[in-house]
Amino acid sequence: QVQLVESGGGLVQAGGSLRLSCVASERTFITNVMGWFRQAPGKEREFVAAINWSGDSADYADSVKGRFTISRDNTKSTVWLQMNSLKPDDTASYYCVCRRINSVVRVASYYNYWGQGTQVTVSS
């Protein structure tokens, strides 16, 4: 069972930056796709970004492309989400996810493990 622990959320003004971190409990994480989803109150959960095990393939939602960057360090069992030029619409709970199959997808149900989430609030 993989456990995922997120950190780095907080309150930031529009235009600011935050870096989310997610640490996995097992080294087997290095063979998995890692990613981030988010959910705002009253809205559907949505895909944000995902990266394959080697780090050479990543996918981003159109709404964050060019502003967010996902990266990983397999030696530290850690994945990060660098968020720049934040907007109030980015306000949500952000969830770290892990998929056992090494194929980047945008469908939430394809991810096997989820973290507890970290809150990101962007003020205008």
Side-chain angles (χ1 to χ4, degrees):
Q1 184 76 7
V2 176
Q3 292 185 326
L4 306 173
V5 179
E6 305 100 331
S7 62
L11 173 64
V12 64
Q13 289 188 330
S17 298
L18 281 175
R19 190 191 196 199
L20 304 184
S21 300
C22 172
V23 180
S25 61
E26 296 184 0
R27 286 285 181 177
T28 53
F29 138 103
I30 66 173
T31 64
N32 301 334
V33 166
M34 301 295 296
W36 295 89
F37 281 75
R38 67 185 182 185
Q39 187 167 21
K43 293 187 178 181
E44 296 282 324
R45 183 172 49 188
E46 65 173 342
F47 170 80
V48 175
I51 188 168
N52 70 343
W53 73 270
S54 62
D56 60 2
S57 178
D59 188 26
Y60 297 90
D62 289 345
S63 59
V64 307
K65 198 170 294 183
R67 299 188 297 122
F68 291 10
T69 303
I70 189 170
S71 60
R72 66 190 294 167
D73 184 338
N74 293 337
T75 65
K76 299 179 180 178
S77 299
T78 301
V79 62
W80 295 275
L81 184 68
Q82 178 66 43
M83 305 186 296
N84 298 329
S85 302
L86 283 162
K87 305 174 182 179
D89 283 348
D90 295 318
T91 295
S93 291
Y94 283 72
Y95 297 89
C96 178
V97 296
C98 176
R99 181 174 193 231
R100 287 193 293 262
I101 299 174
N102 190 32
S103 175
V104 174
V105 296
R106 297 188 175 192
V107 180
S109 61
Y110 285 14
Y111 287 85
N112 307 101
Y113 305 103
W114 291 71
Q116 292 299 308
T118 185
Q119 179 65 36
V120 171
T121 303
V122 184
S123 63
S124 56

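Given the structure is predicted, the values throughout are model-derived calculations rather than measurements.
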| Quick one: are Trp36 and Val97 in side-chain contact, heavy atoms under 4.5 Å? | no
| message | Is there a side-chain contact between Asn32 and Tyr111 in this structure, where contact means two heavy atoms from C-beta onward sitting under 4.5 Å apart? | response | no
| Do you know which two heavy atoms are closest between Tyr60 and Thr69, and how far apart they sit? | OH-CA, 3.4 Å
| Close side-chain approach of Arg72 and Asn74, heavy atoms under 4.5 Å | yes
| task | Output, in order, the C-alpha distance, side-chain angles, deciding distance and verdict of side-chain hydrogen bond (donor to acceptor under 3.5 Å, both in side chains) for Asn84 and Ser17. | result | CA-CA 4 Å; Asn84 298 329; Ser17 298; 2.9 Å; yes
| said: Checking the side chain of Ser63 only, and the main-chain atoms of Ala61 only, is there a donor and an acceptor separated by less than 3.5 Å? | reply: no
| Donor-acceptor pair, Arg38 side chain versus Thr91 backbone, under 3.5 Å? | no
| remark: Applying side chain to side chain contact (heavy atoms under 4.5 Å, CB included) to Ser103 and not counting sequence neighbours gives Arg99, Ile101, Val105
| Under 3.5 Å, is there a donor-acceptor pair between the Gln119 and Ser93 side chains? | yes
| task | Measure the shortest side-chain to side-chain distance between Leu4 and Cys98 over non-hydrogen atoms and say whether it is less than 4.5 angstrom. | result | yes
| request: Grab the two heavy atoms, one from Ala92 and one from Ala40, that are nearest each other, plus how far apart they are. | output: CB-N, 3.8 Å
| Which of these, Val79, Asp59, Val104, Asn112, sits in a side-chain contact (heavy atoms from CB on, under 4.5 Å) with Val33? | Val104
| field | Backbone N/O of Gly9 and side chain of Thr118: donor-acceptor pair under 3.5 Å | value | yes
| Where Leu18 and Gly8 come nearest, the two heavy atoms and their spacing | CD2-O, 3.8 Å
| Taking side chain as C-beta onward, heavy atoms only, is Tyr94 less than 4.5 Å from Met83? | yes
| request: Taking the side chain as every heavy atom from C-beta outward, state whether Ser21 and Glu6 have any atom pair closer than 4.5 Å. | output: no
| task | Find out whether Val48 and Leu81 are in side-chain contact, i.e. whether some heavy atom of one side chain is under 4.5 Å from a heavy atom of the other. | result | yes
| note | Of Leu20, Ile51, Asp73, the one forming a side-chain contact (heavy atoms from CB on, under 4.5 Å) with Trp80 is Asp73
| Met34 side chain near Cys96 side chain, heavy-atom distance below 4.5 Å | yes
| message | Run the side chain to side chain contact (heavy atoms under 4.5 Å, CB included) test against Arg67 and tell me which residues pass, sequence neighbours left out. | response | Val64, Ser85, Lys87, Asp90
| query | Would a distance-only check, ignoring hydrogens and angles, find a side-chain to backbone donor-acceptor pair under 3.5 Å from Ser25 to Gln3? | reply | yes
| remark: Note: Val12 and Gly16 closest approach over all heavy atoms is CG2-CA, 3.8 Å
| task | Tell me whether the centres of the aromatic rings in Phe37 and Tyr95 are closer together than 6.0 Å. | result | no
| message | Taking the cut-offs as 6.0 angstrom to the six-membered ring centre and 45 degrees off its axis, would you call Arg100 and Trp53 a cation-pi pair? | response | no
